[in-house]
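To start, the structure under review is shown below, and the notes come after it.
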Amino acid sequence: MTDRRDIPYRFEPTATAAELHGVYGDLAAGQESGVGATVAGRLMLRRIQGKLCFGTLDDASGRIQLFAPASVTPDYDCFCGLSIGDWVGATGEVMKTRRGELSVKVEDWRLLAEARRRFPDKWHGLADTDTRYRRRYVDLWVTPEARRAVAIRSAMVAAIRAELARRGFVEVETPMLHPIAGGAAARPFVTHHNSLDCDFYLRIAPELYLKRLIVGGLTRVFELGRIFRNEGLSPRHSPEFTMLELYEAYADYTDMMTLTEEVVAAAATAATGAAEVPVGGRTLDLAAPWRRATMAEVVSEHLGLELPATGGPASRAAAELRTEADRHDVATEAGWSAGRILAEIYERRVEGELWDPVFVCDFPVEVSPLARRHRSIDGLVERFEAVAAGRELANAFSELADPDDQRSRFAAQESRRRSGDGEAMRTDEDYLRALEYGLPPTGGLGLGIDRLAMLLCGAETIRDVVLFPTLRPEAGSGES
RNA sequence: GCCCCCGUAGCCAAGGCCGGCAAGGCAGCGGACUUUUAAUCCGAAGACCGUGGGUUCGAAUCCCACCGGGGGCACCA
């Protein structure tokens, strides 16, 4: 008759494992439903009893047992000869075994794909991280957390899009190939376009293009996409990662705080069922509202003394902060303002200690070349970083709209670049031209999607929320 | 770029300090078994011990270099 090794061109499952458990979970042990179903998936376990064979089939939804008596199952010997890892489609009555395991009685079956390579140990799975990342297609079958991370991340991103759509934001796509790598301080990847015969940079941020769109009259825009930074790898850094950036006309950074805490809490609830998530054995409560504090406040709290936030490089405030920096082993440079030193102490010694979500507000102007000057404090800008579980989640500001101020900020960056700072920003003349057409008051926000996914998944490394992490290419072709 | 740790069969792994025939389990192969749940039982097999050098009568084990991974530092508005 039919050759069971023949692979069909299409196959129609009528139910998933989860659906069958939902509908027939109440069957009594040993009971037959009288209803047939067709399931498909990978055979992950197999128990042969002579004239009776049990298999465990995994599909995207979960697991279902295959119950195959020799008297019922066609080509029974072939069925028993299936390997762990083979893709199988099976049709038959839904029933429960005497021991109460919901099963499909295999009255017909097809091999859908052969697993020529042996699967990892059914109990211990994959322990070698290198293999897990390089062969994610195997890892996804044997590591439940890997599948869970995919589901959580997907639900999280969907919820973010839904929240933004509900608020009237328009999703756009701006270039990834940039003639000038702008919008952040980072080293870019360089590539070359042949027919234009010029170099392009993979974007390090979409910021400058999105603000051009605010100038263009799109008053609420966002982009959710990959950006690239040619820098070191770590459990929190990947050369390519996903960023949400959004811009809202007529809004300032306080509006961005409200938006951030609401969107993040909604995403957490949608993805994990609660705004409280377990992270490293502790609980992180992401429910709004989050604490708001100035950088000077959080640093003062952490060091246990009142510290100033502003003052020129020669001021008493700067001297006082430099003393504290030295005391806490934070390196500073001559010529730094009080705010710059404060920011350095914050980044090196305080940020990692902040557990509950907090908006750390008001950064020094020198490290924020695209943010608008603070409305009441000289030397600072209206900017915040959202921090949770010691990790930076988001960065936002009241956007700098004044083209003259922006030009002088770019000039300051250029002079830094001349003195050897490879990450300083370049002047973007077209962006200045856009500002000269008029950018209304605007609030902008950047949110690290991978970092948030890490929190929601309880992941210790960014590689666990990225399907195919960047690795050095394999030298050989593979094993066996 | 620097420092530390790891690499033993398709997978999980013992052995490494203190050099002497490379344990065990899963998967795979052969056999038994009609209600199993990591099925069980019997049998046979499977290893350039990451790669290349060195020390030694003898190296998975000690030393050096390299490759790959992990962690830390630096870098990361």
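Remember, it's a predicted structure, so these values are computed and weren't measured experimentally. Throughout, a chain's letter reflects where its sequence line sits, starting with A, and its residues are numbered from 1. Reckoned from all heavy atoms, side chains included, excluding hydrogens, waters and symmetry mates.
In terms of polar N and O atoms assigned as donor or acceptor, the side chain of A:Asp121 comes within less than 3.5 Å of the base of B:G25 in a complementary pairing. One N or O donor and one acceptor, one from the side chain of A:Arg118 and one from the base of B:A27, sit under 3.5 Å apart.
Whole-Å rounding puts the A:Phe119 CZ to B:A27 C1' distance at 12 Å. Rounding to whole angstrom units, CD1 of residue A:Ile48 and P of B:U34 are separated by 12 Å. The distance from atom CD1 of A:Ile64 to atom P of B:U37 is 17 Å, rounded to the nearest whole Å. Counting to the nearest Å, the C1' atom of B:G10 and the CG atom of A:Asp139 are 16 Å from each other. Rounded to a whole Å, the CE atom of A:Met95 is 17 Å from the P atom of B:U34. Atom-to-atom, CD1 of A:Ile462 to P of B:G71 comes out at 12 Å; the value is rounded to the nearest Å. Rounded to an integer number of Å, the gap from CZ of A:Arg340 to C1' of B:A77 is 9 Å. Remark: C1' of B:A74 and CG of A:Leu233 are 14 Å apart, rounded to the nearest angstrom.
Using a 4.0 Å heavy-atom criterion, one finds that A:Asn395 contacts the bases of the nucleic acid, with or without backbone contacts as well. The residue A:Arg46 sits close only to the backbone: its heavy atoms come under 4.0 Å of sugar-phosphate atoms, none of a base. Across all strands, A:Arg463 comes closer than 4.0 Å only to sugar-phosphate atoms, never to a base (heavy-atom distances). Contacts of A:Gln65 with the nucleic acid, taken as non-hydrogen atoms under 4.0 Å apart, include base atoms. Residue A:Glu101 is classed as a base contact, given a heavy-atom separation below 4.0 Å to a base. Counting any heavy atom pair closer than 4.0 Å across all strands shown, A:Pro235 reaches sugar-phosphate atoms only and no base atom. Contacts of A:Thr129 with the nucleic acid, taken as non-hydrogen atoms under 4.0 Å apart, involve only primed sugar atoms and P, OP1 or OP2. In this structure, A:Phe363 reaches neither bases nor backbone, as no heavy-atom distance under 4.0 Å exists between it and the strands shown. A:Arg409 comes within contact range of no nucleotide atom at all, as no heavy-atom separation falls under 4.0 Å.
With B:U35, B:C75, B:A13 as the candidates, the nucleotide lying closest to the side chain of A:Glu423 is B:C75. Of all nucleotides listed (B:A77, B:C12, B:U37), B:A77 comes nearest to the side chain of A:Ala184. Out of B:C11, B:A38, B:U37, the shortest distance to the side chain of A:Trp123 is found at B:A38. When each of B:U34, B:U35, B:A13 is scored by its nearest atom to the side-chain atoms of A:Ser71, the top-ranked nucleotide is B:U34. Side-chain proximity of A:His124 to the nucleotides B:C12, B:G72, B:A77 is greatest for B:C12. Nearest to the side chain of A:Arg383, among B:A77, B:A13, B:U35, sits B:A77. Listed candidates were B:C11, B:C75, B:A39. Nearest to the side chain of A:Leu45 is B:A39. When each of B:C75, B:U34, B:C11 is scored by its nearest atom to the side-chain atoms of A:Pro120, the top-ranked nucleotide is B:C11.
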Set out, in order, the CA-CA distance, both residues' side-chain angles and the distance that settles side chain to side chain contact (heavy atoms under 4.5 Å, CB included) for A:Leu445 and A:Glu245, then state yes or no.
CA-CA 6 Å; A:Leu445 167 71; A:Glu245 281 205 16; over 6 Å; no
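Cation-pi check for A:Arg212 over A:Tyr209 is met; the charged atom lies under 6.0 angstrom from the ring centroid and within 45 degrees of its normal.
Put simply, the residue from A:Arg46, A:Lys122, A:Arg63 that forms a side-chain contact (heavy atoms from CB on, under 4.5 Å) with A:Thr56 is A:Arg63. Residue A:Arg134 is tested with A:Asp128, A:Leu471, A:Thr129 for a side-chain contact (heavy atoms from CB on, under 4.5 Å); the sole match is A:Leu471.
Between A:Pro188 and A:Asn230 the shortest side-chain heavy-atom distance does not fall below 4.5 Å.
Ring centroid separation for the pair A:Trp141 and A:Trp87 comes in under the 6.0 Å cut-off.
Contact annotation: A:Arg472 reaches the phosphate of B:G69 (side-chain N/O to OP1 or OP2, under 4.0 Å). For the pair A:Arg135 and B:G10, the criterion of a side-chain N or O lying under 4.0 Å from OP1 or OP2 is not met. In this structure, A:Arg236 reaches the B:G72 phosphate: one of its side-chain N or O atoms is under 4.0 Å from OP1 or OP2. At B:A27, one or more side-chain N or O atoms of A:Lys122 fall inside 4.0 Å of OP1 or OP2 (strictly under the cut-off).
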Check residues 446-461 of chain A and write down every donor-acceptor pair under 3.5 Å in which the side-chain atom is one partner and the other belongs to a residue at least two apart or another chain.
residue: A:Asp450; atom: OD1; partner: A:Thr242; partner atom: N; Å: 2.7
residue: A:Asp450; atom: OD2; partner: A:Arg153; partner atom: NH1; Å: 3.0
residue: A:Asp450; atom: OD2; partner: A:Arg153; partner atom: NH2; Å: 3.2
residue: A:Arg451; atom: NE; partner: A:Arg236; partner atom: O; Å: 3.2
residue: A:Arg451; atom: NH1; partner: A:Glu392; partner atom: O; Å: 3.1
residue: A:Arg451; atom: NH2; partner: A:Arg236; partner atom: O; Å: 3.1
residue: A:Thr461; atom: OG1; partner: A:Arg463; partner atom: N; Å: 3.1
residue: A:Thr461; atom: OG1; partner: A:Arg463; partner atom: NH1; Å: 3.4

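Remark on RNA chain B: of its neighbouring residues A:Gly125 and A:Leu52, the 5'-side contact belongs to A:Gly125, judged by nearest-heavy-atom nucleotide. Residue-to-nucleotide proximity on RNA chain B shows that, of A:Gly55 and A:Arg451, the 5′-proximal contact is made by A:Gly55.
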